[in-house]
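Just the heavy atoms: all of them, side chains too, but no hydrogens, waters or symmetry mates, feed the values below. Residue indices begin at 1 and follow the sequence shown. Both counts, for ligands and for their atoms, begin at 1 and track the order of listing.
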Amino acid sequence: MKQNTHQQRTDNPWLGLMIGNSRLHWALFVDNTLNSAWDTDHLSESDMQQLAKTNTIPLSPSSSRPIFLSPNLPITLVLASVVPSQTKLWQTYPNVRLITLNNIPLKGMYPTLGIDRAIALYGAGKTYGFPILVIDAGTALTFTGADANQCLVGGAILPGLSLQFTSLGQNTGQLPLLETRLITSLPPRFAMNTTEAIQSGVIYTLLAGIKDFIQAWLSLFPESKIAITGGDGNFFKNFLQTYIPEITEKLILENNLIFLGMEKILIGNN
Ligand SMILES: Nc1ncnc2c1ncn2[C@@H]1O[C@H](COP(=O)(O)OP(=O)(O)O)[C@@H](O)[C@H]1O
Ligand SMILES: CC(C)(COP(=O)(O)O)[C@@H](O)C(=O)NCCC(=O)O
Ligand SMILES: [K+]
């Protein structure tokens, strides 16, 4: 019967989990294709055990509503992490595969390169072509580039947007702690109140720094695309378009770069 043919399950679901310094990034793959992606806070051991026993995880920290993922128990978890304490916890999951630098088909990597940077770089290069520069606007803001031979050229690491606000808010006597999600437009450059003065200092300095890194990269690799990702990726993409309009067509926002990378690493097409 037609219907039965359709009911034959070949979808082999698995979960991708990228553990970042601020939160967990999840993706459900069905038929080896990215199906959906979401973020949660870092989870506890009992949340991990719940996933192993029921294939459900909290959808978000504020929600107790679980998400049903797969009839196969426990669902395969493909893990990458830049947080060793969380790596240790998730390695006790009964059906886990850890991605390490050895799994990434890029040349010239140094041993302490962040696995998130390597996966995103590979995913971006395979998706948009090498050479490629990846800007990951996460807890840290990172630049990571590879040349036409899929060889790491190198990069840079600095405190990300929230971390810059947090460092001012937590280490001064009079400065408020600003939240990035409340910033929807560029502040005046020369601000006349404390909140906008902090925004101006952090945002314009970050934009100027990002512009300088992009220009330095493009002087080496004029034809390269620039992929931007991470929790603040959208924020920076929008403001960069205003700030350096000439690079607009080279700039690609892809929130799921890490999962495009996982897909390419696990499924091949190298
Ligand atoms: N719910 C959230 N929790 C934490 N950061 C968030 C959230 N929503 C947006 N962000 C922004 O995302 C950035 C962190 O990026 P993300 O890619 O999630 O980090 P990481 O991969 O390092 O965990 C923060 O600077 C913050 O501005
Ligand atoms: C630079 C990072 C902290 C970025 O982490 P994230 O902001 O994505 O949570 C992470 O990639 C890391 O720990 N890297 C190791 C050092 C390196 O890449 O050289
Ligand atoms: K990241």
Is it true that S224 and W217 share a donor-acceptor pair across their side chains at a distance under 3.5 Å? yes
Heteroatom of D136 nearest to the K ion (ligand 3) (N, O or S, atom name): OD2
For T180, the ligand 1 atoms whose distance to one of its heavy atoms is below 4.0 Å: 26 (C), 27 (O)
Give the C-alpha distance, both sets of side-chain angles, the deciding distance and a yes or no for side-chain hydrogen bond (donor to acceptor under 3.5 Å, both in side chains) between E196 and N193. CA-CA 6 Å; E196 287 187 335; N193 63 68; 3.3 Å; yes
Answer with yes or no whether E179 contacts ligand 1, where contact means a heavy atom under 4.0 Å from a ligand atom. no
L106 vs L101 side-chain heavy atoms within contact, under 4.5 Å: no
Kindly indicate whether the side chain of I203, heavy atoms from C-beta on, has any atom under 4.5 Å from the side chain of L207. yes
Distance-only side-chain donor-acceptor flag, Q50 / D47, under 3.5 Å: no
Validation row: L175, I198 side chains within 4.5 angstrom (heavy atoms): yes
Between W90 and W26, does the ring-ring contact (aromatic ring centres under 6.0 Å, His included) criterion hold? Intermediate values first, please. CA-CA 13 Å; W90 284 94; W26 297 89; 5.5 Å; yes
side-chain hydrogen bond (donor to acceptor under 3.5 Å, both in side chains) between D136 and T229, worked out: CA-CA 5 Å; D136 186 341; T229 191; 5.4 Å; no
Less than 3.5 Å apart, N/O on ligand 2 and N/O on the protein: could you list those pairs with the distances?
unit_1   : atom_1 : unit_2 : atom_2 : d
ligand 2 : 5 (O)  : N21    : ND2    : 3.3
ligand 2 : 5 (O)  : D116   : OD2    : 3.4
ligand 2 : 7 (O)  : T139   : N      : 3.3
ligand 2 : 7 (O)  : A140   : N      : 2.8
ligand 2 : 8 (O)  : D116   : OD2    : 2.7
ligand 2 : 9 (O)  : N21    : N      : 2.9
ligand 2 : 9 (O)  : N21    : ND2    : 2.9
ligand 2 : 11 (O) : D116   : OD1    : 2.7
ligand 2 : 18 (O) : G114   : N      : 2.8
ligand 2 : 18 (O) : R117   : NH1    : 2.8
ligand 2 : 19 (O) : Y110   : OH     : 2.5
ligand 2 : 19 (O) : R117   : NH1    : 3.4

Tell me whether L161 reaches ligand 1 (any heavy atom closer than 4.0 angstrom to a ligand atom). no
Shortest reach to atom 14 (C) of ligand 1 by a heavy atom, considering only S162, G230, G138: G138
Among the N, O or S atoms of D116, the one nearest the K ion (ligand 3): OD2
Closest non-hydrogen atom pair, L152 against M109: CD2-CA, 3.9 Å
Go through ligand 1 atom by atom and flag the ones less than 4.0 Å from a non-hydrogen atom of T139. 14 (C), 15 (O), 19 (O), 20 (P), 22 (O), 23 (O)
Does A140, backbone or side chain, put an N or O under 3.5 Å from an N or O of ligand 1? no
The answer for which part of R181 has a heavy atom under 4.0 Å from ligand 1 is neither
Got the closest protein heavy atom to atom 17 (O) of ligand 1, with its distance? G231 N, 2.8 Å
Report the nearest protein non-hydrogen atom to atom 21 (O) of ligand 1: residue, atom name, distance rounded to 0.1 Å. H25 NE2, 2.7 Å
When distances are taken from atom 13 (C) of ligand 1, the protein heavy atom at minimum range is D232 OD2, 3.4 Å
Taking distance alone, with no angle check, do R23 and ligand 1 share an N/O pair under 3.5 Å? yes
Tightest non-hydrogen contact, residues P222 and K250, listed as O-NZ, 2.8 Å
Side-chain heavy-atom pair I135, F236 within 4.5 angstrom cut-off: no
Using a strict 4.0 Å cut-off to heavy atoms of N21, name the atoms of ligand 1 that fall inside it. 20 (P), 22 (O), 23 (O)
Taking the side chain as every heavy atom from C-beta outward, state whether R97 and L77 have any pair of such atoms under 4.5 Å apart. no
Distance to 0.1 Å, residue and atom name: give those for the protein heavy atom nearest to atom 23 (O) of ligand 1. S22 N, 2.8 Å
Taking 4.0 angstrom as the limit, do D39 and R23 come out as a salt bridge? yes
